[in-house]
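Note sheet for the following structure.
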Amino acid sequence: MDPNRPPTDFETRVFEATRLIPAGKVTTYRELALFLECNSAQAIGQALKRNPFAPQVPCHRVVKTDLSLGGFHGQTEGPWLAKKRKLLTEEGVAFSENGTVNPEFCHRFKGSK
DNA sequence: AGATTGACTAACC
DNA sequence: AGGTTAGCCAATC
């Protein structure tokens, strides 16, 4: 592992897209994958996981397609996940009782209409 | 250079 | 409804 390696082009694209997510909204790995013209949401997750850049890149606003939280800082559950949930809540994102994000908070990259 | 892994998804059984 | 399989793609071993 080279934690100090420079970000790859792909990762850079992922970060930029992630930065576009406004506070109080979330997006899915799938949306990011489509936006980056990549058919693998997994690759998106990989990029985010290896770059726990904090609020600079709001990776906490990225959730799974079924609107469950997904992971955070390399773990799919645990204290970091609780943190992720809390961050979103503070930003105004509401959760359903099953722990998923309310779909109304789902951001889509529609820039061009 | 080849095989494995992973913050995923959808399709199957 | 819940577990398994298969596809996906970049990073890592």
Side-chain angles (χ1 to χ4, degrees):
Chain A
M1 282 173 66
D2 295 318
N4 290 320
R5 70 165 165 60
T8 65
D9 289 344
F10 179 74
E11 287 170 337
T12 302
R13 270 180 280 158
V14 173
F15 301 150
E16 291 200 16
T18 303
R19 259 183 304 175
L20 299 176
I21 308 169
K25 290 273 188 108
V26 298
T27 197
T28 64
Y29 296 103
R30 182 140 97 30
E31 286 290 321
L32 282 172
L34 294 172
F35 183 71
L36 298 178
E37 299 178 276
C38 165
N39 221 1
S40 173
Q42 231 171 6
I44 304 295
Q46 287 292 21
L48 293 177
K49 143 183 165 181
R50 297 185 207 289
N51 290 276
F53 277 83
Q56 185 181 351
V57 175
C59 17
H60 58 274
R61 296 183 193 139
V62 185
V63 299
K64 301 207 313 186
T65 295
D66 65 344
L67 299 186
S68 58
L69 278 180
F72 201 45
H73 283 242
Q75 23 184 61
T76 52
E77 62 176 2
W80 276 111
L81 254 297
K83 171 94 175 186
K84 179 171 183 176
R85 189 157 54 254
K86 178 164 189 170
L87 277 169
L88 291 173
T89 302
E90 309 250 334
E91 289 184 353
V93 176
F95 289 83
S96 304
E97 302 186 22
N98 56 340
T100 62
V101 174
N102 281 355
E104 47 184 299
F105 296 99
C106 186
H107 170 68
R108 310 220 174 179
F109 295 98
K110 39 192 164 192
S112 352
K113 169 211 357 4

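Proteins get letters first, then strands, A, B, ... in listed order; numbering begins at 1 in each. The figures here come from the full heavy-atom set of this structure, side chains too, leaving out hydrogens, waters and symmetry mates.
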Pick the nucleotide of DNA chain B nearest each of Ser40(A) and Asp66(A); which residue has the one closer to the 5' end? Ser40(A)

How long is the gap from CD on Gln75(A) to NZ on Lys84(A), to the nearest 0.5 Å? 11.0 Å

Taking atom [atom2] of [N] as reference, at what distance in whole Å does atom [atom1] of [X] sit?
| X | N | atom1 | atom2 | result |
| --- | --- | --- | --- | --- |
| Leu48(A) | dC9(C) | CG | C1' | 14 Å |
| Leu36(A) | dC8(C) | CG | C1' | 14 Å |
| Phe35(A) | dC8(B) | CZ | P | 21 Å |
| Glu37(A) | dA10(C) | CD | C1' | 16 Å |
| Leu67(A) | dA10(B) | CG | C1' | 15 Å |

Closest to the [X] side chain, choosing from [options]:
| X | options | value |
| --- | --- | --- |
| Asn39(A) | dC9(C), dC8(B), dT9(B) | dC9(C) |
| Gln42(A) | dG7(C), dA10(C), dA11(C) | dG7(C) |
| Gln46(A) | dC8(B), dC9(C), dT5(B) | dT5(B) |
| Cys38(A) | dC8(B), dC9(C), dG6(B) | dC9(C) |

Going by the angle between their ring planes, with limits at 30° and 60°, are His73(A) and Trp80(A) parallel, tilted or perpendicular? parallel

Of all heavy-atom pairs linking Phe10(A) and Leu36(A), the shortest is CE1-CD1, 4.5 Å

Quick check: does any side chain N or O of Glu31(A) sit under 3.5 Å from a backbone N or O of Thr28(A), one acting as donor and the other as acceptor? no

Neighbours of DNA chain B within residues 8-31 of chain A, by heavy-atom distance under 4.0 Å: Tyr29(A), Arg30(A)

Would you check if the distance from the ring center of His107(A) to the ring center of Phe109(A) is below 6.0 Å? yes

Got a list of side-chain donor-acceptor pairs under 3.5 Å for residues 61-68 of chain A, not counting sequence neighbours?
unit_1   : atom_1 : unit_2   : atom_2 : d
Arg61(A) : NE     : Glu91(A) : OE1    : 2.9
Arg61(A) : NE     : Glu91(A) : OE2    : 3.4
Arg61(A) : NH1    : Ile21(A) : O      : 2.8
Arg61(A) : NH2    : Glu91(A) : OE2    : 2.9
Asp66(A) : OD1    : Ser68(A) : N      : 3.2
Asp66(A) : OD1    : Ser68(A) : OG     : 2.8
Asp66(A) : OD2    : Ser68(A) : OG     : 3.4

